[in-house]
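One structure is given below, encoded as structure tokens.
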Number of protein chains: 2
Amino acid sequence: MTGKELADENTIYVGNKPPMSYVLAVVTQFNSGSDEVVIKARGRAISRAVDTAEITKNRFVTNAKIKEIKIGTESITNEEGRNSNVSSIEISLTLTTKK
Amino acid sequence: MTGKELADENTIYVGNKPPMSYVLAVVTQFNSGSDEVVIKARGRAISRAVDTAEITKNRFVTNAKIKEIKIGTESITNEEGRNSNVSSIEISLTLTTKK
């Protein structure tokens with residue numbers, strides 16, 4: 001139950017860059033001593049967040065495992081002032097053993 | 001631990017159609033008596049699978065909750081015979097109370 005206490009620096013927001021940009025950010029975060037990193041995304045970037053978690057876990061930080069995956073819906077206001085709903089995801093990766 | 005026993009008819013594969021097509025399929029599956037439906041997708045359709053789960057749960061089957069979310073990597077062979085990896089997601093929705 002450490003989710004609430006996690007500092008923002010442990011959170012990587014995935015957007016429209018190539019997945020490897022975010023993988024690098026996650027790996028850097030683990031290497032700086034974090035034992036938990038949360039990957040967040042909304043809308044179409046959700047697929048890329050899953051790619052980021054999988055590539056990190058399978059290729060770069062092989063002692064990381066998926067602790068929790070949450071999905072949700074966020075209401076956003078677009079430029080014309082209209083509300084629309086967008087899906088979101090949060091993937092928490094933790095280390096199984098200290099390096 | 002009922003995942004393995006679930007019949008394929010309880011699984012909805014999300015592809016490139018509009019999300020509402022898949023929402024309809026999930027709702028139909030619940031209405032036909034299933035108390036668990038698994039939504040699966042790969043690659044870019046992952047975002048749409050999350051949309052499908054969220055729309056179903058928030059608007060149509062409000063007594064459904066997310067039981068489990070799994071992500072993984074699948075190896076696929078493209079037309080030229082090359083292997084490439086693609087991320088996948090499985091979202092299990094279950095009913096909290098019988099209707």
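The contact between A:I69 and chain B is made by backbone and side chain atoms together, counting heavy-atom distances below 4.5 Å. Using a 4.5 Å cut-off between heavy atoms, A:A41 makes no contact with chain B at all. For a residue to count as touching a neighbouring chain, one of its non-hydrogen atoms must lie under 4.5 Å from one of that chain's; by this rule A:N58 touches chain B with the side chain only. Neither the backbone nor the side chain of B:A49 comes within contact range of chain A, judged by heavy atoms closer than 4.5 Å. The contact between B:I71 and chain A is made by backbone and side chain atoms together, counting heavy-atom distances below 4.5 Å. Neither the backbone nor the side chain of B:I55 comes within contact range of chain A; no heavy atom of the residue lies under 4.5 Å from a heavy atom of that chain.
A:S47 and B:S47 get closest at one heavy-atom pair: OG-OG, 2.9 Å.
Around CG of A:N16, the count of heavy atoms belonging to other residues, nucleotides or ligands within 6.0 Å does not exceed 12. Residue-environment remark: NZ (B:K17) stays at or below the threshold of 12 foreign heavy atoms within 6.0 Å.
Atom CZ of residue B:R44 and atom CG of residue A:D51 lie 10.0 Å apart, to the nearest 0.5 angstrom. Note that the CD1 atom of B:I89 and the CD1 atom of A:I46 stand 8.0 Å from one another [nearest 0.5 Å].
With hydrogens and angles left out, the side-chain atoms of B:S87 and A:E54 include no donor and acceptor closer than 3.5 Å.
One hydrophobic cluster, built from ILVMFWY side chains closer than 4.5 Å, cannot hold both B:V86 and A:V50; they sit in different ones. Clustering ILVMFWY residues whenever any of their side-chain heavy atoms sit less than 4.5 angstrom apart, transitively, puts B:Y13 in a cluster other than the one holding B:I76. A:L24 and A:I12 sit in two unconnected hydrophobic clusters of ILVMFWY residues. Membership requires side-chain heavy atoms under 4.5 Å apart, directly or through other members.
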